[in-house]
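Since the structure comes first, as structure tokens, the remarks are kept for the end.
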Number of protein chains: 2
Amino acid sequence: MTSDDTTLGRRDRKKRQTRAALATAALRLVAERGLDQVTVEEISEAADVSARTFFNYFPTKDDALVGDTEADRDGVLRALAAVPTEQPALEALRRALAEVVDEVQGDAELWLLRMRVVMQHPVLLARLVSGNAATEQALVEAVAARTGLPPDDAYPTLVVAVAGAALRTAMVRWAASDGGRSLGALLDEAFAAVAAGLPDPRTG
Amino acid sequence: MTSDDTTLGRRDRKKRQTRAALATAALRLVAERGLDQVTVEEISEAADVSARTFFNYFPTKDDALVGDTEADRDGVLRALAAVPTEQPALEALRRALAEVVDEVQGDAELWLLRMRVVMQHPVLLARLVSGNAATEQALVEAVAARTGLPPDDAYPTLVVAVAGAALRTAMVRWAASDGGRSLGALLDEAFAAVAAGLPDPRTG
DNA sequence: GCTAAAGGTGCAGTCTCTGCAAAGTTTTAG
DNA sequence: CTAAAACTTTGCAGAGACTGCACCTTTAGC
């Protein structure tokens, strides 16, 4: 999270605050009652703004629940760029994703609530994962660039998709453990299994 | 026996027909104008039914576009069950997914249109992937059962997620080649790379 | 302070989606 | 062949998501 607090004026701070209020209100209410039993009006009321204002912050009710994946995008891309090019792509992605791990662990309570809600509503799960086709596309291009492969080669697309799958799996398991296990550890575990070619654990 | 043709009475045949008409009308119109420039009313009109009827077939406009992934579910699960338990889970999944490959290749034109539409609308891409939330869960359980692992072990979830990523990648590339390349071949390629641990192509 | 920019809000209107009850059609049984 | 049973289609009313627009309030910068 780009949590500059003092650098921003009062205005921007209020915006962040309102945004957060809307997001948490939405999550809390939906966790309690279910997606369809909560209206935007109720969420807005809980955050003490008008319903119209809600839509100034989020284009969709769902967006308030899944959070702003776009915000992380730059961070992940920067982190990826920081990994030496000599490192294999998969390893590079693992390190870049540490960015996401930090963000999630840093706001564990919110994210646990979010995961609980998201896992109860497949529509949202979809959005959370590939919600950012833009981010994935950017990663694919970054991987293509660092490996020197043509951008339409199978490899970049595949590694990124698989890395995403690993992240998702780790997050689901993290949520299942109620945050008890370290997300970073779970992610590393998943990447290790992938790097080993997912050997059948019986014969492993 | 979900897709027998002659076994069904006139009634069911008409239903299938209407359903298909709605789906293709939706795809065609959205491909032309974009998701938000097409209303359910227009789709229904094109399929020559009332708007109310549209919602008797699809719970959502989006659902008419992504198709009924649930229909394939049984097929995939059956195919998976048919693979000898001795086979490693990843290989078993590869074979089970051949079911999907057949279905897609068998209706190539429709699926190419669908992929084109879906790739232009991230929201739909999300749905195409997660429409399988139920399917994925079933696969996870099946893999857990066949490997003898507890259902909350990391492995089943991860293999299924990765297999899904491989399928998605293959389908995107298939669509990118405009159906010119064999989806089955692309999928095998992806699975081979995964089974090898996604080695960085530079280092071999 | 004053002004210009930016956020917040109400309102009207479109579109998605649902429940309900009236038709209309197909199937079944007599 | 016919009438009841079982469906499907449809119109209608209504809730709720979302948008464009005009107006008001707050804030930043002078």
Side-chain angles (χ1 to χ4, degrees), chain A residues 4-23 25-27 29-30 32-68 117 121-124 126-127 131, chain B residues 4-23 25-27 29-30 32-68 117 121-124 126-127 131:
Chain A
D4 312 339
D5 278 20
T6 45
T7 343
L8 298 155
R10 174 181 286 106
R11 192 178 231 159
D12 296 83
R13 239 178 301 136
K14 263 212 155 176
K15 269 184 77 175
R16 266 168 196 285
Q17 208 173 306
T18 302
R19 190 186 181 80
L22 282 170
L27 284 171
L29 288 171
V30 172
E32 279 171 15
R33 297 187 220 160
L35 190 53
D36 297 334
Q37 273 55 62
V38 177
T39 70
V40 168
E41 182 134 3
E42 293 169 315
I43 297 171
S44 310
E45 188 126 336
D48 203 35
V49 291
S50 77
R52 186 63 186 82
T53 295
F54 176 95
F55 289 108
N56 285 339
Y57 281 88
F58 301 102
T60 288
K61 186 165 80 168
D62 296 355
D63 283 288
L65 296 166
V66 297
D68 192 0
V117 164
H121 299 278
V123 194
L124 298 180
R127 272 225 156 119
Chain B
D4 302 348
D5 279 20
T6 46
T7 345
L8 298 154
R10 173 189 280 103
R11 195 182 246 162
D12 296 81
R13 237 178 303 135
K14 263 208 157 179
K15 271 185 76 175
R16 265 168 197 287
Q17 208 173 305
T18 302
R19 190 187 181 80
L22 282 169
L27 283 171
L29 288 171
V30 172
E32 279 171 14
R33 298 188 219 159
L35 189 54
D36 297 333
Q37 272 57 62
V38 178
T39 70
V40 168
E41 182 135 5
E42 292 169 316
I43 297 171
S44 309
E45 189 127 334
D48 203 36
V49 292
S50 78
R52 186 62 185 81
T53 296
F54 176 95
F55 289 108
N56 285 339
Y57 282 89
F58 301 102
T60 288
K61 187 166 80 168
D62 296 356
D63 284 288
L65 296 166
V66 298
D68 193 0
V117 165
H121 299 279
V123 194
L124 297 180
R127 266 222 155 111

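The figures that follow rest on heavy atoms only: side chains count, while hydrogens, waters and symmetry mates do not. Bear in mind the structure is a predicted one, so any value in this text is a computation, not a measurement. Naming convention: chains lettered A, B, ... in sequence-line order (proteins, then strands); numbering from 1 in each chain.
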Report the nucleotide, chosen from [options], that has the shortest atom-to-atom distance to any side-chain atom of [X].
{"X": "B:Asn56", "options": "D:dC7, C:dC17, D:dT9", "answer": "D:dT9"}
{"X": "B:Thr39", "options": "C:dC15, D:dG16, C:dG8", "answer": "C:dC15"}
{"X": "A:Ser50", "options": "D:dT9, C:dG10, C:dT16", "answer": "C:dG10"}
{"X": "A:Lys15", "options": "C:dG7, D:dA17, D:dT8", "answer": "C:dG7"}
{"X": "A:Val49", "options": "C:dT9, C:dT26, C:dC17", "answer": "C:dT9"}
{"X": "A:Arg52", "options": "D:dC12, D:dC21, C:dT16", "answer": "D:dC21"}

[X] [atom1] to [N] [atom2]: how many Å, rounded?
{"X": "A:Glu42", "N": "D:dA17", "atom1": "CD", "atom2": "C1'", "answer": "13 Å"}
{"X": "B:Arg16", "N": "D:dC7", "atom1": "CZ", "atom2": "P", "answer": "17 Å"}
{"X": "B:Lys61", "N": "D:dC18", "atom1": "NZ", "atom2": "P", "answer": "12 Å"}
{"X": "B:Glu45", "N": "D:dG11", "atom1": "CD", "atom2": "P", "answer": "11 Å"}
{"X": "A:Gln37", "N": "D:dG16", "atom1": "CD", "atom2": "C1'", "answer": "12 Å"}
{"X": "A:Glu41", "N": "C:dT9", "atom1": "CD", "atom2": "P", "answer": "12 Å"}
{"X": "A:Arg13", "N": "D:dA28", "atom1": "CZ", "atom2": "P", "answer": "9 Å"}
{"X": "B:Phe55", "N": "D:dG11", "atom1": "CZ", "atom2": "C1'", "answer": "14 Å"}

5'-most by nearest nucleotide on DNA chain C - A:Lys14 or B:Phe58: A:Lys14
To the nearest 0.5 angstrom, please state how far the NZ atom of A:Lys15 sits from the OH atom of A:Tyr57. 6.0 Å
D:dT8 phosphate, OP1 or OP2: any side-chain N/O from B:Thr18 under 4.0 angstrom? no
When you check the phosphate oxygens OP1 and OP2 of D:dT8, does a side-chain N or O of B:Thr53 lie under 4.0 Å from one of them? no
Is it true that, when you exclude B:Asp68 itself, more than 12 heavy atoms of the residues, nucleotides or ligands shown sit nearer than 6.0 Å to its CG? yes
Crowded around B:Glu42 CD? As in, over 12 foreign heavy atoms under 6.0 Å? yes
Which part of the nucleic acid, if any, lies within contact of A:Tyr57, taking any heavy atom under 4.0 Å across all strands shown: a base, the sugar-phosphate backbone alone, or nothing? sugar-phosphate
Out of B:Val117, B:Ile43, B:Thr39, B:Leu65, which residue meets the side chain to side chain contact (heavy atoms under 4.5 Å, CB included) rule with B:Leu29? B:Ile43
Are the side chain of B:Ser50 and the backbone N or O of B:Thr53 linked by a donor-acceptor pair below 3.5 Å? yes
